[in-house]
Participant: 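This structure is in structure tokens; I'll ask about it shortly.
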Amino acid sequence: MSHPTPAHPLNAPTAPTPTAPVSPATAARTAPSGAPTAAALLDFVRRTAADRALVDSLPLDPEGRTWVRLEGPGGSEAWLIGWPPGTGTGWHDHAESLGAFATARGTLTENALAVRLPASGWKTLELADGLDRSRRLGEGGSRAFGRHHVHEVLNESPDTHAVSVHAYYPPLPLIRRFSRTGAVLRLEQVERPEDWQ
């Protein structure tokens, strides 16, 4: 799997105000006091994905993903990412970070596991039946997710670039990358911020 090619930094929108309803109990579980919640991240990626000038300014490479780092809300990490046809992330998680992403152009497919994996202490797991989830997110489609969310994101189009906006809080401490053969998930690599920035 190739890693994205960085593009030139762009100015980002200002920090958002959450608009999606979140109960106090959910907010307490998703972020420390004063930190952005999953709802705030989702609001940010939706609004940023709707910024046509920003989306159109992303340089697109026919061979590999490109990205620009954005200023996310409340100290979160955010990215604008271009996906050439047929590219994807492979299976991975975002450790202790909450996250959200929105498709700004094209269609992305997210395959995910409906289970929280152990944070450490394993190299290979056999997955139970019924854990796989798949969703297609067309332009304007979005979703938020919690800690230790395992997924892969793909642009399955044979001829159309996709562009998306992603945000994580706290900023990604690491990404665990997995391989999958049937029901067997294997930890292959742990990446740290210096590996992708």
Side-chain angles (χ1 to χ4, degrees), residues 1-7 10 38 41-42 44-52 54-70 77-95 97-117 125-168 172 175-189 191 195-196:
M1 185 188 102
S2 65
H3 295 284
T5 305
L10 300 174
L41 296 177
L42 186 60
F44 171 81
V45 298
R46 285 175 173 163
R47 288 187 300 106
T48 305
D51 182 339
R52 301 314 309 164
L54 178 65
V55 170
D56 291 344
S57 71
L58 179 68
L60 300 177
D61 181 336
E63 301 299 318
R65 289 187 295 150
T66 55
W67 79 90
V68 172
R69 187 159 188 168
L70 304 173
E77 180 172 347
W79 300 90
L80 179 66
I81 300 176
W83 307 75
T87 58
T89 61
W91 288 95
H92 67 283
D93 75 0
H94 306 101
S97 297
L98 303 171
F101 71 96
T103 304
R105 181 185 302 152
T107 299
L108 292 173
T109 299
E110 181 197 34
N111 297 317
L113 297 177
V115 64
R116 182 176 170 146
L117 299 180
L125 290 175
E126 185 168 343
L127 302 168
D129 290 338
L131 297 179
D132 287 291
R133 303 291 183 266
S134 186
R135 64 176 48 109
R136 291 176 54 82
L137 299 168
E139 187 170 322
S142 60
R143 63 121 51 262
F145 51 85
R147 295 171 173 86
H148 301 288
H149 178 69
V150 177
H151 68 168
E152 66 175 350
V153 180
L154 310 162
N155 177 6
E156 296 178 313
S157 171
D159 54 14
T160 303
H161 254 84
V163 177
S164 57
V165 179
H166 302 248
Y168 310 97
L172 296 173
I175 293 176
R176 296 186 301 177
R177 296 206 176 269
F178 308 101
S179 63
R180 182 166 179 198
T181 306
V184 177
L185 190 71
R186 177 173 284 110
L187 176 63
E188 297 290 347
Q189 181 179 7
E191 294 179 4
D195 296 324
W196 66 78

Participant: For E110, run the side-chain hydrogen bond (donor to acceptor under 3.5 Å, both in side chains) check against R133, R136, H149 and tell me which one passes.
Facilitator: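 When R133, R136, H149 are each tested with E110, the side-chain hydrogen bond (donor to acceptor under 3.5 Å, both in side chains) holds only for H149.
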Participant: Would you call the rings of H151 and H94 parallel, tilted or perpendicular, where under 30° means parallel and over 60° means perpendicular?
Facilitator: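 The arrangement is perpendicular - the two ring planes meet at more than 60°.
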Participant: Search all heavy atoms of Y168 against all heavy atoms of G99 and return the closest pair with its distance.
Facilitator: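 Here Y168 and G99 meet closest at CD2-CA, 4.0 Å.
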Participant: Mark yes or no for whether T66, through its side chain, and D61, through its backbone, hold a donor-acceptor pair below 3.5 Å.
Facilitator: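 No.
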Participant: Can you tell me if R65 and T87 form a side-chain donor-acceptor pair at under 3.5 Å?
Facilitator: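 The answer is no; no qualifying pair exists.
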Participant: If I compare all heavy atoms of P85 with all of D159, which pair ends up nearest, and what's the gap?
Facilitator: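 Closest pair (atom of P85, atom of D159, distance): CG-C, 3.5 Å.
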Participant: T160 side chain to G106 main-chain N or O, any donor-acceptor pair under 3.5 Å?
Facilitator: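 Looks like no, no N/O pair under 3.5 Å.
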Participant: Where is the tightest heavy-atom contact between V45 and A100, given as atom of each residue plus distance?
Facilitator: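 Nearest pair, atom of V45 first, then A100: CG1-O, 3.7 Å.
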Participant: Please report the closest heavy-atom contact between N111 and W91, naming both atoms and the distance.
Facilitator: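 Nearest pair, atom of N111 first, then W91: O-CZ3, 3.6 Å.
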Participant: Do H92 side-chain atoms and G90 backbone N/O form a donor-acceptor pair below 3.5 Å?
Facilitator: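 Looks like yes, one N/O pair under 3.5 Å.
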Participant: Would you say H161's side chain and P62's backbone share a donor-acceptor pair under 3.5 angstrom?
Facilitator: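 Such a contact is absent between H161 side chain and P62 backbone.
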Participant: I need the minimum non-hydrogen distance between T103 and L137, along with the two atoms involved.
Facilitator: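 Taking T103 first and L137 second, the nearest heavy atoms are OG1-O, 3.0 Å.
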Participant: To the nearest 0.5 Å, what is the distance between CZ on R46 and CG on L41?
Facilitator: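 Those atoms lie 11.5 Å apart.
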Participant: Does H148 offer a backbone N or O that forms a donor-acceptor pair with the side chain of D93 under 3.5 Å?
Facilitator: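 Judged by distance alone, no pair lies under 3.5 Å.
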Participant: Look at atom CZ of R116 and say whether more than 12 heavy atoms of other residues, nucleotides or ligands are closer to it than 6.0 Å.
Facilitator: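 More than 12 within 6.0 Å, yes.
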Participant: By the definition side-chain contact (heavy atoms from CB on, under 4.5 Å), identify the one residue from T89, T107, L60 that meets it with W83.
Facilitator: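 Testing W83 for a side-chain contact (heavy atoms from CB on, under 4.5 Å) against T89, T107, L60 leaves exactly one candidate, T89.
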Participant: Between V55 and A49, what is the shortest heavy-atom contact and its length?
Facilitator: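 Where V55 meets A49 most closely, the heavy atoms are CG2-O, 3.6 Å.
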Participant: Does a salt bridge link R180 with D132, judged by any charged N lying under 4.0 Å from a carboxylate O?
Facilitator: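 Salt bridge present between R180 and D132.
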Participant: Are any of the side-chain nitrogens in E188 or R177 under 4.0 Å away from the carboxylate oxygens of its partner?
Facilitator: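 A salt bridge is absent here (no side-chain N lies under 4.0 Å from a carboxylate O).
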